[in-house]
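Only one structure is covered here, and it is reproduced in the block below.
Note that the structure is a prediction, hence the values are computed from the model and not measured. Only this structure's heavy atoms are used, side chains among them; waters, hydrogens and symmetry mates stay out. Order of appearance sets the numbers: ligands from 1, and atoms from 1 within every ligand.
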Amino acid sequence: MLLGTLGLGALGVIAAPTLQRGLESVLGDVAGKDPTGLTGLLPNGGGFRYYSVTASVPHLGETSYRLTVNGLVDHPKTYTLADLRSLPQTRLVHDVQCVTGWRVPKTPFEGVRLSALLDAAGVRSSAGAVRFTCFDGAYTESLTLDQARRDDVLVALKMQDKPVTHDHGGPVRLYVAPMYFYKSAKWLSGITVTRDVRAGYWEERGYDVDAWVGRSNGRDDAPTS
Ligand SMILES: Nc1nc2c(c(=O)[nH]1)N[C@H]1C(S)=C(S)[C@@H](COP(=O)(O)O)O[C@H]1N2
Ligand SMILES: [Mo]
């Protein structure tokens, strides 16, 4: 395949982060923005890859960011960043695992439990799922209501103990600890309670909707690289 012929071995001698980023953007163009993570095969010392299925994403911050909770709920609500910060925060530390094989061990995420926002909204008995939309205007994700109510699913304001950066989906991203990282929608702007699960962006393109790490997407074991 094309990327293979570019020679990962040769790239291995180049370690400077800025050079790395340059290479990744070049490879991204070659691979059509590399949305699933072919550039994730590049060496980068175990860090994160930047993924976006869109070419650009607006920057939203302190005054412009909003998160809407609506759908099959009794009390639809729109949160500002300050609103979200004023709610109880939960910090979790787990390995981040992308389905393409890269992993970042023991990464702290912190934010509001999704279950708390759902409880505040008053989920109706007809509901069975939650759909997530993003202010990149393209990415979507979903969880069953049971999955969404797990203790290890956050609306994250912090990643690695710092506010979530724009590249990582800031100011607010979803964090679904037990699932492959594609479930953790970046640039989260909408939480809609629905009756049924609807496949998200990558799931319409072949990934499993139930994305448990090590138990989905054709894997029997958690990947080791
Ligand atoms: N809005 C949005 N969220 C997204 C994606 C994306 O392209 N757009 N990519 C997903 C995938 S495949 C991964 S591995 C992670 C990457 O997060 P990172 O860019 O912070 O490393 O975000 C997930 N959430
Ligand atoms: Mo991914």
Side chain or backbone, does [X] bring an N or O within less than 3.5 Å of an N or O on ligand 1?
| X | value |
| --- | --- |
| Asp136 | yes |
| Tyr50 | no |
| Tyr182 | no |

Should the ring pair [X] and [Y] be called parallel, tilted or perpendicular, given that the plane angle runs from 0 to 90° and is split at 30 and 60?
| X | Y | value |
| --- | --- | --- |
| Tyr201 | Tyr139 | parallel |
| Phe181 | Phe109 | perpendicular |
| His166 | Trp187 | tilted |
| Tyr65 | Phe135 | perpendicular |

Atom indices of ligand 1 within 4.0 angstrom of Val53 heavy atoms, with elements: 7 (O)

Need the ligand 1 atom indices (1-based, order shown) with element for anything under 4.0 Å from a heavy-atom of Cys98. 14 (S)

Please work out whether any backbone atom (N, CA, C, O) or any side-chain heavy atom from C-beta onward of Ala138 is under 4.0 Å from ligand 1, and answer side chain, backbone, both or neither. neither

Donor-acceptor under 3.5 Å (Glu141 side chain, Val130 main chain): no

Could you check whether any side-chain N or O of Thr144 sits under 3.5 Å from a backbone N or O of Gln147, counting only pairs where one atom can act as donor and the other as acceptor? yes

Kindly identify the option in Tyr201, Trp187, Phe181 whose heavy atom sits closest to atom 15 (C) of ligand 1. Phe181

Any Cys134 heavy atom less than 4.0 Å to ligand 1: yes

Tell me whether Arg173 reaches ligand 1 (any heavy atom closer than 4.0 angstrom to a ligand atom). yes

